[in-house]
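Notes follow once the structure below has been shown.
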Amino acid sequence: LASNGLNLPDYLDDVKRLDVTHVSITINAVDPKISEKIYSWVRYGKKSLPPEKGAALLLEKQLASIKGLKERGIIVKVNTIVLPGINDDHVLDIAREMSDLGVDLFNCMPYYPNEGANFSGMPEPSKSEISRLQKEAEKFLPQMRHCKRCRADAVGLLDEKPLDSITQTMQACA
């Protein structure tokens with residue numbers, strides 16, 4: 001299961017009941033002031049919250065999600081998207097706090113520019129910068145170094161080609 005953790009606390013018992021073995025949560029900051037630079041708004045329930053309120057709520061829910069998952073014996077991986085000039089100097093703080101919470105695995109993911117996105121003009125972090133961050137963060141948590149630009153519509157296992165039938169179904173749904 002992959003989530004940003006915002007609504008996850010309400011479903012922790014369901015996640016356990018369904019025998020989910022591991023959950024990935026994307027956490028791009030543990031300081032709401034940094035999160036405010038990342039998220040223009042946070043939608044919670046039927047309300048859109050401004051950055052300062054949304055960032056604080058998002059972090060609160062993310063931390064509660066991790067605590068609840070670990071209490072239920074579920075493996076937790078945290079993904080952090082490295083945004084140059086925004087959270088790149090904050091990655092070790094994230095890794096340290098995640099280690100204190102018992103997170104099992106940490107994944108520093110380079111930001112990938114997407115046309116039309118809020119940060120479309122931001123340069124992608126270099127491979128050497130990501131490697132340096134992984135090496136430093138490894139002092140706190142094991143690193144996932146084999147990530148391949150994960151997406152919400154990803155299927156299958158890393159380094160294995162998905163079945164043609166699954167690929168065709170995904171294309172038909174698109």
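Because the structure is predicted, anything quoted here is derived from the model rather than measured. In this chain, numbering begins with 1 at the start of the sequence shown. Below, each value reflects all heavy atoms present in this structure, side chains not excepted, and no hydrogens, waters or symmetry copies.
Remark: S120 pairs with no residue by the side-chain hydrogen bond (donor to acceptor under 3.5 Å, both in side chains) rule, at least two apart or across chains. Partners of S3 by side-chain contact (heavy atoms from CB on, under 4.5 Å), not counting sequence neighbours, listed by chain and number: L8. Under the side-chain hydrogen bond (donor to acceptor under 3.5 Å, both in side chains) criterion, Y44 pairs with K61, not counting sequence neighbours. Partners of D14 according to the salt bridge (Lys or Arg N to Asp or Glu O under 4.0 Å) rule, which considers only residues two or more places apart in sequence or in another chain, are R17. In this structure, the side-chain hydrogen bond (donor to acceptor under 3.5 Å, both in side chains) partners of S24, at least two apart in sequence or on a different chain, are K77. Under the salt bridge (Lys or Arg N to Asp or Glu O under 4.0 Å) criterion, E97 pairs with no residue, sequence neighbours left out. Taking D10 as the reference, nothing meets the side-chain hydrogen bond (donor to acceptor under 3.5 Å, both in side chains) condition, with sequence neighbours excluded. Judged as a side-chain contact (heavy atoms from CB on, under 4.5 Å), and not counting sequence neighbours, the contacts of P142 are L105.
Interatomic distance, CE of M109 versus CD of Q134, reported as 11.0 Å (0.5 Å rounding). Separation of atoms OG (S65) and CG (L101) is listed at 11.0 Å; rounding is to 0.5 Å. Distance check: K135 NZ to Q143 CD gives 12.5 Å after rounding to the nearest 0.5 Å. Rounding to the nearest 0.5 angstrom, the gap separating the CG atom in L12 from the CD1 atom in I66 is 11.0 Å. Atoms CZ and CD, from R132 and E129 in turn, are 4.0 Å apart once rounded to the nearest 0.5 Å. Atoms CD1 and CD, from I130 and E124 in turn, are 8.0 Å apart once rounded to the nearest 0.5 Å.
Contact of the L133 side chain with the T80 side chain is not registered, since no non-hydrogen atoms from C-beta on lie closer than 4.5 Å. Taking the side chain as every heavy atom from C-beta outward, M98 and L63 approach each other to under 4.5 Å. Two residues are said to be in side-chain contact when any heavy atoms from C-beta on lie closer than 4.5 Å; L69 and I25 meet this criterion.
The same ILVMFWY cluster, assembled from side-chain heavy atoms under 4.5 Å apart, contains both I38 and L49. Cluster annotation: L59 and W41 are assigned to distinct hydrophobic clusters (Ile/Leu/Val/Met/Phe/Trp/Tyr, side-chain heavy-atom contacts under 4.5 Å, transitive). Residues F106 and V30 fall within the same hydrophobic cluster, defined by Ile, Leu, Val, Met, Phe, Trp and Tyr side chains chained together at heavy-atom separations under 4.5 Å. In the hydrophobic clustering of ILVMFWY residues, with side-chain heavy atoms under 4.5 Å counting as a link, Y112 and V82 come out apart. Follow the hydrophobic side-chain contacts under 4.5 Å out from F119 and you reach V42 in the same cluster.
Among all heavy-atom pairs drawn from V103 and L141, the shortest one is O-CD2, 3.0 Å. When all heavy atoms of P9 and A64 are compared, the pair lying nearest together is CG-CB, 4.1 Å. In terms of heavy-atom proximity, Y111 sits nearest to M122 at CE2-O, 3.7 Å.
The list of salt bridge (Lys or Arg N to Asp or Glu O under 4.0 Å) pairs with a residue in residues 81-91, not counting sequence neighbours, is empty. Screening residues 42-60 for salt bridge (Lys or Arg N to Asp or Glu O under 4.0 Å) gives no qualifying pairs among residues at least two apart or on separate chains. Sorted by first and then second residue, the side chain to side chain donor-acceptor pair (under 3.5 Å) pairs with a member in residues 25-38 read N28-Y39; sequence neighbours excluded. The side chain to side chain donor-acceptor pair (under 3.5 Å) contacts involving residues 66-76 comprise D13-R72, K70-D104, where partners must be two or more places apart or lie in separate chains.
Residues S40 and N118 bring a donor and an acceptor atom of their side chains to less than 3.5 Å of each other.
By the neighbour-count criterion of 12 heavy atoms within 6.0 Å, atom OH of Y11 is sparsely surrounded, having that number or fewer from other residues, nucleotides or ligands.
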